[in-house]
Amino acid sequence: MKTERITIGDASKHVGETVQVPGWLYNLRKSGKIVFPLLRDGTGLMQCVAVKSALPEAVFDTIKDLTQESSVVFTGKIRADQRAPGGYEMDVENVDVMQHIPESDPYPITPKDHGIDFLMDHRHLWLRSQRQHAILGVRHEVIRAVRDYFDSHGFTLVDTPIFTPAACEGTTTLFEVNYFEDEKAYLAQSGQLYNEATAMAFGKVYCFGPTFRAEKSKTRRHLTEFWMVEPEMAYATLEDVKRVGEEMIVFVVNRVLENRRAELKALERDVSKLEAIQTPFPRMSYDDAVKLLQSKGSEIQWGGDFGGTDETLLSQEHNRPLMVDGYPSAVKAFYMQPEPSRPEVALCVDILAPEGYGEIIGGGQRIHDYDLLLRRIEEHKLPKQAFDWYLDLRRFGTVPHGGFGMGIERCVAWICGLEHIRETIAFPRMLYRLHP
RNA sequence: UCCUCAGUAGCUCAAUGGUAGAGCAUUCGGCUGUUAACCGAAGGGUUGUAGGUUCGAGUCCUACCUGAGGAGCCA
């Protein structure tokens, strides 16, 4: 009879059975005639027990000499045991070694401390460690929840191009691609303009994909390549955008709390901070935010954008994400709809995550009037020709519409309580990091 | 692009301008319930690179390289 292969995650269903578990050796503790190999398989960690007196000498010797991260298949009987890290233990009966990593060239990431540079250089291996594994598990849950939210609220996924002919927002720096015959192409920094077109076709849409920013940013909040989800809604106002934003965030946080408790625990995340995330989110105008910041000693003047420290100060005021609306039009993108009674401010909103994490969502209502949009394009000295199709949307059945973009990595960093965004993506691309 | 800090054993870090050290990892030995196991021993170095000051530089000075944190900009 063939022994069944199981994963560590399913160990609880096989207590008392003799099974095979394929995996990698996470660590090994020896005590003379008994050894404790700790096996990792991507679904969890399981402590195994090999007793010399109960095994053929060759099998015991093979196990006791295993090296960290060697690939092995253990065969043995599963048993519940409180002393084991995962709650279940295997009494090893046999081992099949796929690859024994040689002692002369051992696995570089030992169970002790390492510096960030070393770990980033070995990112392809670092992903195997428990903490990184937990973070990427939460990331997966966040992405799944985001898609489930939009899919179950009438949104259609319509993905937007990565190669684009012009800047979406004139100011930011773009990655140039020299391939297309007659003109330069750029890597997308947002799918929003295209979303506006598809929203007029489907009503409610979202896109989800990588975006690229060639900013020389070098902070804990920045990646050169990051993933963004961008919903866009026809016949929508700023209020609609805010409501969807807060609902979606609460939905995502609840999903992670439901399905990723173990990961949050591994990350030592204070889950009470996440359990406090409920609608409605506190709201504040840009005007009031500036006054508040000034009272706290910030240098900010009305008309300027918030610095990182300003965002941190604001978001620490509340235990829920904070919505700040009505930024000066001058600091926002050209397509932002002005407030009718105060054209100098825009119908836009930023959502700042609590605990000092800063902006995770930026969005607003878009200009739907042809003449105003054309004027803005000219004021920003953008090439009108490149925006002809975008202007067309205002010629053929224009309606008020809006949406937002959420940076997945910033959201994951906040939910996981991480110091730095670089751990929220498998292979981060940053100003000075392209490898591995 | 600018500012600040750092670079010493495979890794994490010590070392008043005066003999280059420890823990982990590796190798050898010991231990039948370990939890980053523990105990004993051994091997392991062109102190990021190039100049300079000095009787003498890991340490001081200059330039460069690499990285980290931050600013501006942004999600």
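All values derive from a computational prediction rather than experimental measurement. All chains are named by letter (A, B, ...) in the order of the sequence lines, taking the proteins before the strands, and each is independently numbered beginning at 1.
K30(A) comes within 4.0 angstrom of a base, heavy atoms only. D350(A) comes within contact range of no nucleotide atom at all, as no heavy-atom separation falls under 4.0 Å. Residue I408(A) is out of contact with every strand shown, counting any heavy-atom pair closer than 4.0 Å. In this structure, M228(A) reaches the sugar-phosphate backbone alone: every heavy-atom distance under 4.0 Å involves primed, P, OP1 or OP2 atoms, never a base. Among the heavy atoms of the strands lying under 4.0 Å from R433(A) are primed sugar atoms or P, OP1, OP2 only; no base atom is included. When heavy atoms are screened at a 4.0 angstrom cut-off, N27(A) is found touching the sugar-phosphate backbone but no base atom. Q47(A) comes within 4.0 angstrom of a nucleotide base, judged by non-hydrogen atoms across all strands. At the heavy-atom level, R79(A) lies under 4.0 Å from base atoms of the strands shown.
In this entry the distance linking CD of E311(A) with P of rC73(B) reads 11 Å, nearest Å. When the P atom of rG69(B) is taken as reference, atom CE of M430(A) falls 7 Å away, rounded to whole Å. H122(A) places its NE2 atom 10 Å from the C1' atom of rC11(B), with the value rounded to the nearest Å. A straight line from CD1 of I116(A) to C1' of rU12(B) spans 14 Å, rounded to a whole angstrom. Taking atom CG of L28(A) as the reference point, atom P of rC24(B) lies 17 Å away to the nearest angstrom. Nucleotide rA6(B) holds its P atom 22 Å from the CE atom of M120(A), rounded to whole Å. Distance CD (E215(A)) to C1' (rA71(B)): 14 Å, rounded to an integer number of Å. The nearest whole Å value for the distance from the CZ atom in R422(A) to the P atom in rG67(B) is 13 Å.
The side chain of R213(A) lies closest to rA75(B) when the candidates are rG69(B), rA75(B), rG67(B). Checking rU32(B), rA68(B), rA75(B) against the side-chain heavy atoms of I421(A) singles out rA75(B) as nearest. The side chain of E89(A) has rG33(B) as its nearest neighbour among rG67(B), rG33(B), rC31(B). The listed nucleotides are rG33(B), rU12(B), rA68(B); the one nearest the side chain of F118(A) is rU12(B). Here the side chain of F36(A) is nearest to one of rA71(B), rA75(B), rG33(B), namely rG33(B). Nearest to the side chain of P106(A), among rA25(B), rC11(B), rC73(B), sits rA25(B). Each of rC73(B), rG33(B), rG69(B) was ranked by its minimum atom distance to the side chain of I34(A); first place goes to rG33(B).
With a cut-off of 3.5 Å on both pairing distances, the Watson-Crick or G-U wobble partner of rC2(B) is rG70(B). Figure legend. rU8(B) is base-paired to no nucleotide; pairs are counted as Watson-Crick or G-U wobble with both atom distances under 3.5 Å. Look at rG40(B): its Watson-Crick or wobble partner, with both distances under 3.5 angstrom, is rC28(B). Across all strands shown, the partner of rC55(B) is rG18(B), judged by Watson-Crick or G-U wobble contacts whose two distances both fall under 3.5 Å.
Few gaps surround CD on E379(A); more than 12 heavy atoms of other groups in view lie less than 6.0 Å from it. With a 6.0 Å radius and a threshold of 12 heavy atoms from other residues, nucleotides or ligands, K77(A) has its NZ atom at or below the threshold.
Using the six-membered ring where Trp is involved, H122(A) and F118(A) have ring planes that are tilted, between 30° and 60° apart. Taking the six-membered ring where tryptophan is involved, the planes of F334(A) and Y390(A) are perpendicular, since the angle between them exceeds 60° and thus also 30°.
In terms of polar N and O atoms assigned as donor or acceptor, the side chain of S217(A) comes within less than 3.5 Å of the base of rC73(B) in a complementary pairing. R29(A) contributes no side-chain N or O that forms a donor-acceptor pair with the base of rC31(B) under 3.5 Å. Taking 3.5 Å as the limit, the base of rU32(B) and the side chain of S53(A) contain a donor-acceptor pair of atoms between them. With hydrogens and angles ignored, no donor-acceptor pair closer than 3.5 Å exists between the side chain of Q82(A) and the base of rG33(B). For rC11(B), its base never sits under 3.5 Å from the side chain of H114(A) at any donor and acceptor pair.
A distance of about 23 Å separates the P atoms of rU54(B) and rU49(B), rounded to the whole Å. The gap from the C1' atom of rC13(B) to that of rG45(B) amounts to 15 Å, rounded to the nearest Å. Straight-line distance between the P atoms of rA6(B) and rA63(B): roughly 16 Å, to the nearest whole Å. rG23(B) and rU19(B) are spaced 22 Å apart, taking the C1' atom of each and rounding to whole Å. For the C1' atom pair drawn from rG44(B) and rU8(B), the interatomic distance equals 14 Å after rounding to whole Å. Nucleotides rA14(B) and rG72(B), compared at atom C1', are 38 Å apart to the nearest Å. Rounded to whole Å, the separation between the C1' atoms of rA36(B) and rA71(B) comes to 38 Å. Here the separation of rC28(B) from rG43(B), taken at their C1' atoms, is 11 Å to the nearest Å.
For the pair H222(A) (side chain) and K218(A) (backbone), a donor-acceptor distance under 3.5 Å is absent.
Nearest-nucleotide assignment on RNA chain B puts the 5′-proximal partner with G32(A), out of G32(A) and V331(A). Along RNA chain B, the nucleotide nearest to D81(A) and the one nearest to R410(A) differ in position, and the one closer to the 5' end is contacted by D81(A).
Of the options I415(A), I249(A), L352(A), a side-chain contact (heavy atoms from CB on, under 4.5 Å) to I360(A) is made by I249(A) and by none of the others.
Side-chain atoms of W227(A) and R139(A), non-hydrogen and from C-beta on, do get closer than 4.5 Å to each other.
Under the 3.5 Å distance criterion, with hydrogens and angles disregarded, a donor-acceptor pair is assigned to the side chains of R29(A) and Q47(A).
Closest non-hydrogen pair, G363(A) versus D350(A), comes out as N-OD1, 4.3 Å.
F226(A) qualifies as a stacking partner of the rA75(B) base, centre to centre under 5.5 Å and near-parallel within 30°.
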